[in-house]
Amino acid sequence: MSRVKELAKAIDSLPEAEYVELRQWFSEKDWLKWDQEIEADSKSGELDFLVQEALEAKSKNKLREL
């Protein structure tokens, strides 16, 4: 049995409260990874086009209030 299948079987047997705790942990882990990727992309300049687009929209009064 593969390790993933073993983990899936173990997860299926968790009580609801522990499953919720595990799901929360995965969610936080995913968001942390996403934050790190965004930060790296920002530092490398890969997101500079977004700033440029926003500045252009602002200069043309195309921004809207949230």
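Throughout, residue positions are numbered sequentially from 1 according to the sequence presented. These values consider heavy atoms only, across backbone and side chains, with no hydrogens, waters or symmetry-generated copies.
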Discussion item. In this structure, would Phe26 and Val4 fall into the same cluster of hydrophobic residues linked by side-chain contacts under 4.5 Å?
Written reply: no

Worksheet item: Any chance CD of Glu39 has more than 12 other-residue heavy atoms, nucleotides or ligands included, within less than 6.0 Å?
Response: no

Worksheet item: What distance do Arg3 atom CZ and Leu7 atom CG have between them, rounded to the nearest 0.5 Å?
Response: 6.0 Å

Fill in: Spacing of Glu18 atom CD and Glu16 atom CD [to the nearest 0.5 Å]
10.5 Å

Discussion item. Can you list, by chain and residue number, the hydrophobic cluster partners of Leu50 when the side-chain cut-off is 4.5 Å?
Written reply: Trp31, Trp34, Ile38, Leu47, Phe49

Fill in: Inter-residue atom distance Lys29.NZ - Leu32.CG, 0.5 Å rounding
7.5 Å

Discussion item. I need the minimum non-hydrogen distance between Glu6 and Met1, along with the two atoms involved.
Written reply: OE2-O, 3.3 Å

Worksheet item: Rounded to the nearest 0.5 Å, how far apart are OG of Ser42 and CG of Asp48?
Response: 7.0 Å

Practice prompt. State which residues pass side-chain hydrogen bond (donor to acceptor under 3.5 Å, both in side chains) with Glu21; sequence neighbours excluded, sorted by chain then number.
Written response: none

